[in-house]
Amino acid sequence: MKLTILGSGTGWIRLDRNAPGHLLEAEDFCLLLDCGAGVIKQILKLGKKLEDISAIFISHFHPDHVSDLIPFFFATRYNLGYKRILPINLYSAEDFSIFFELLKRAFNNWVEPPEGLLIINTLPKKKSHSFFIGPFRAFTSPVKHNPESLAIRLEYKNKSLVYSGDTGYCEELIELSKCADLLLIECSNSEEVYVEHHLSPQDIADIAKKAKVKRVVLTHFYPHSEKVNLESFKKKGFLGEIILAKDLMEINL
Ligand SMILES: [Zn+2]
Ligand SMILES: [Zn+2]
């Protein structure tokens, strides 16, 4: 499988780091992990079309993770330029149905795709909920951020990737990440600036060590958190590979 970083940033608007979005591909199946502002344009930059997106996973409903769903859904109503035939499957916590109803009301239904083009799959807030997304075996667990927040583990041909979404330190994420080949994890905090329900490099090192993951990719950077001190990983005893995400970076697994 191939991971492409579409947005390594946050709600802090900047040119070099788009809002969160990550693309995971296997067997021509494209799974979008979160859909923050600008993610759609990042997909177009890869030479892909909106119809190429097979499924979307939304980790939680903070604006930096969902705001490009609005233009994405709106575009499905323009059949002059949009040629989707197969429905898009969206996966998120149970509360997504309420969120989407409110969105439709706010935009007077202009964000509702034509009938049959969107399938909303809601996920329970229980640990290691198992299901399939296209060729991927998926597992989700609640994490410590918003009430609806879920992290996801995706497995394909003996390889595994875990995406934390936004979260604070929690045992659920460690359990979900056990022996993963790659942990794509948020890094919002630094040693100097620490906000609850987010992670610092020290927390990440701890999680990666305990879960025995092979590689970590740090993403969701603020200007204060992007200069990562790699020493903290050594101090915590994590000896795997550490990658600092950049927009449009590709990682093969
Ligand atoms: Zn965020
Ligand atoms: Zn958030």
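Counting starts at 1 for both ligands and their atoms, following the listed order.
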- prompt: Restricting to pairs with a member in residues 239-248, which pass side-chain hydrogen bond (donor to acceptor under 3.5 Å, both in side chains), not counting sequence neighbours?
  reply: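 Residue pairs passing side-chain hydrogen bond (donor to acceptor under 3.5 Å, both in side chains), neighbours aside: S8-D247.
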- request: Measure centre to centre between the rings of F100 and F73, then say whether the value is under 6.0 Å.
  value: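 Ring centroids of F100 and F73 are less than 6.0 Å from each other.
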Expected list for residues 205-217: side-chain donor-acceptor pairs under 3.5 angstrom, two or more places apart:
| unit_1 | atom_1 | unit_2 | atom_2 | d |
| --- | --- | --- | --- | --- |
| K210 | NZ | Y169 | OH | 2.8 |
| K214 | NZ | D181 | OD1 | 3.3 |
| R215 | NH2 | N252 | O | 2.9 |

field: Selection residues 2-27 - residue pairs positive for ring-ring contact (aromatic ring centres under 6.0 Å, His included), sequence neighbours left out
entry: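 Sorted pair list: H22-Y163.
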query: What protein N/O/S atoms are found closer than 2.8 Å to the Zn ion (ligand 1)?
result: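 Under 2.8 Å from the Zn ion (ligand 1) - ignoring waters, which are not counted - the protein N, O or S atoms are D64 OD2, H65 NE2, D166 OD2, H220 NE2.
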- prompt: Within the side chain of H145, is there an N or O that forms a donor-acceptor pair under 3.5 Å with the backbone of H197?
  reply: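 Flag set: sc H145 to bb H197 pair under 3.5 Å.
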task: May I ask you to decide if I152's main-chain N or O and T140's side chain share a donor-acceptor pair within less than 3.5 Å?
output: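 Not confirmed, T140 side chain does not pair with I152 backbone.
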